[in-house]
Amino acid sequence: MKKSMSEKIAVRLVAVGLVAMALTTLLCMVMFHSVFEKQVVRDLQLTAKDIALACERMEDSEDLGSFGGGELRITLIAPDGTVLFENQSSAPMENHLDRTEVRQALESGEGSDQRMSETLGYDTYYYAIRLSNGNVLRVATEAKNFFSIYDDAVPAVLVSCVLILLLSVLLAFFLTRQLVRPIVTMANNLDDVEKNVPYKELEPFAKAIALDQKNRQNGEKIRRDFTANVSHELKTPLTSISGYAELIETGMAKPEDIAGFAARIRKEAGRLMALVGDIIQLSELDDASEEGAGKLTMEPVDLAAVVNECVQDLQPAARKAYLVLSAQTEPVMVEGSRGLLMELCQNLCDNAIRYNRPGGKVEVTVRNVAGAAELCVKDNGIGIAPEHQQRVFERFYRVDKSRSKATGGTGLGLAIVKHIAILHNAKIELESEAGKGTSIQVIFPEQN
Ligand code: ADP
């Protein structure tokens, strides 16, 4: 199942929210803790100085016990490290000379340090001052450490998480609705999709839709035109056939004409058959191109062999038209369908013979250019004027309709050639000059 857009947006918003919150919390904690720590140290320093001042005037060090209100730990240490007084423990204490703050105070008059407390989650801050009599007064206090501040923040963080979650889901819902609404409007106006693009980012998408629509409309028009053309092409021979048959049926034909009429009927029927055959072939080729060349059985075919056979077959037709038809070939392999390649060659040679003049010639060559096959059919016939050259590959396009029909053309030969070339990934190049002749080249892709 596809994920919904609001779900996706919600997940992202939650992620962004959580990361932002985590970063903010961490930064706040670091800043807060450093300010807090500085404050603790400063307070401790001031208090220590006050107590030290009082201590200087004190007769008995035991009087120190009255300071600090129980919150502060006050210790008096002799220069040799012996603890002279300690307000929070009456037990004898170990030597304090190794304490950093004490050593600093003995050396330079003042010293400070910070160590982990025995109480979990607390740090102890020490401040020590050397008195005029050489003893060291040390004051210490406990304060929450970084991690226990974090513990305090946990409930607030959790509440924020829940809030972020709720907010993200709500925001995602409304954002999605707002983002999607114009797209739905666009989808409802597909006929004019390019004028209704709500976001710049969707322009390529709209363009693709518009192009697809145009292609489809073009395709429909081509199909409609083709159907109209086919009906028209079929109707003409059928009308003649029906006319001749009627003459015979009603007895209007003289007995000696009947054989002639029958021959005409047969000729028209032959044209119909050729036409239907070409239409079937084209529709099969259309199917093949739609489903990709995969449906055709493509195999390595020697183009020279195909061309030689084709030229052999057409020799009688060439002789009948008083033409010289010749082939010059080099063996070269093409990945293709032998039947279709034969058809392509036949159609090209057929045209070169039909649109020619007595005494003319047709040369067919197959060349092997670095592993790529090139087929060329060249005639010195009537040629094609430049304005028709691009259009002769269209279905039913003829330069001279009566000549085409008189020689048994259907108007589909070159359309079939073009289709077969496309299925073989081959390129067609036409060169022609009216009155001089035509050369059509089919260039196949290189075989590896
Ligand atoms: P047709 O069945 O009419 O020959 P084609 O599709 O084979 O249909 O060719 C389309 C048109 O192209 C022809 O009617 C003809 O006018 C022109 N044509 C094709 N081949 C040649 C050629 N070798 N020389 C001159 N004209 C040609």
Side-chain angles (χ1 to χ4, degrees), residues 222 225-226 229-230 232-237 267-286 307 310-311 313-315 317-318 320-327 340-365 374-423 426-442:
I222 288 172
D225 288 354
F226 183 64
N229 277 329
V230 166
H232 184 76
E233 297 282 339
L234 290 174
K235 207 171 163 192
T236 325
K267 196 177 160 214
E268 295 296 335
R271 265 182 62 190
L272 272 180
M273 267 170 1
L275 193 62
V276 170
D278 277 0
I279 292 167
I280 290 174
Q281 170 110 49
L282 259 180
S283 104
E284 279 171 4
L285 288 171
D286 275 340
V307 166
C310 165
V311 167
D313 290 350
L314 288 173
Q315 282 304 349
K320 235 166 129 183
Y322 305 103
L323 299 171
V324 178
L325 170 62
S326 65
L340 290 183
L341 291 172
M342 190 74 172
E343 175 85 26
L344 176 139
C345 180
Q346 267 169 355
N347 283 351
L348 290 178
C349 294
D350 204 40
N351 282 352
I353 293 169
R354 286 165 46 230
Y355 302 104
N356 216 318
R357 286 176 290 238
K361 59 180 181 195
V362 178
E363 282 168 0
V364 189
T365 49
E374 278 185 23
L375 164 67
C376 178
V377 179
K378 190 172 176 219
D379 64 64
N380 57 354
I382 62 170
I384 306 169
E387 66 267 30
H388 300 294
Q389 288 181 6
Q390 278 314 301
R391 302 204 57 192
V392 289
F393 293 96
E394 289 172 20
R395 296 171 184 197
F396 295 119
Y397 189 86
R398 297 153 163 132
V399 178
D400 178 350
K401 201 158 185 165
S402 51
R403 180 164 185 150
S404 162
K405 285 197 171 163
T407 52
T410 59
L412 295 174
L414 286 183
I416 292 174
V417 166
K418 183 175 124 186
H419 241 309
I420 296 176
I422 291 173
L423 280 174
K427 217 168 54 183
I428 297 181
E429 276 170 17
L430 181 144
E431 268 172 50
S432 185
E433 204 177 321
K436 289 235 168 111
T438 306
S439 134
I440 296 183
Q441 244 186 327
V442 185

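Nothing here was measured: the structure is a model prediction, and the numbers come from that model. Atoms within each ligand, like the ligands themselves, are counted from 1 in listed order.
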**Q** For atom 26 (N) of ligand 1, what is the closest protein heavy atom, and at what distance to 0.1 Å?
**A**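 Residue, atom and distance for the closest contact: I384 CG1, 3.3 Å.
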
**Q** For atom 13 (C) of ligand 1, what is the closest protein heavy atom, and at what distance to 0.1 Å?
**A**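 The closest one turns out to be Y355 OH, 3.3 Å.
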
**Q** Among all protein heavy atoms, pick out the one at the shortest distance from atom 5 (P) of ligand 1; state its residue, atom name and that distance to 0.1 Å.
**A** L414 N, 3.5 Å

**Q** Out of I382, V392, N351, whose heavy atom sits nearest atom 12 (O) of ligand 1?
**A**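 That would be V392.
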
**Q** Which residue from G411, A415, C349, G383 reaches closest to atom 8 (O) of ligand 1 through any of its heavy atoms?
**A**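 Looking at heavy atoms only, G411 sits closest to atom 8 (O) of ligand 1.
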
**Q** Run through D313, V364, L344 and flag the one making a side chain to side chain contact (heavy atoms under 4.5 Å, CB included) with C349.
**A**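 Only one of D313, V364, L344 forms a side chain to side chain contact (heavy atoms under 4.5 Å, CB included) with C349, namely V364.
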
**Q** For atom 10 (C) of ligand 1, grab the closest protein heavy atom and report residue, atom and distance to one decimal in Å.
**A** Y397 O, 3.2 Å

**Q** For atom 23 (N) of ligand 1, what is the closest protein heavy atom, and at what distance to 0.1 Å?
**A**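 Checking every protein heavy atom, the shortest distance to atom 23 (N) of ligand 1 gives D379 OD2, 3.0 Å.
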
**Q** Scan the side chains in residues 375-388 for donor-acceptor partners under 3.5 Å anywhere in the protein, sequence neighbours excluded, and list what turns up.
**A**
unit_1: D379; atom_1: OD1; unit_2: G381; atom_2: N; d: 2.9
unit_1: D379; atom_1: OD1; unit_2: T438; atom_2: N; d: 3.1
unit_1: N380; atom_1: OD1; unit_2: K361; atom_2: N; d: 2.8
unit_1: H388; atom_1: ND1; unit_2: Y397; atom_2: OH; d: 2.7

**Q** With heavy atoms only and a cut-off of under 4.0 Å, state how R403 meets ligand 1: side chain, backbone, both or neither.
**A**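 It is neither part, as no heavy atom is under 4.0 Å.
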
**Q** So, N356 side chain and A352 main chain: donor-acceptor pair closer than 3.5 Å or not?
**A** yes

**Q** Any idea which of A434, G437, G408, S404 brings a heavy atom closest to atom 3 (O) of ligand 1?
**A** S404

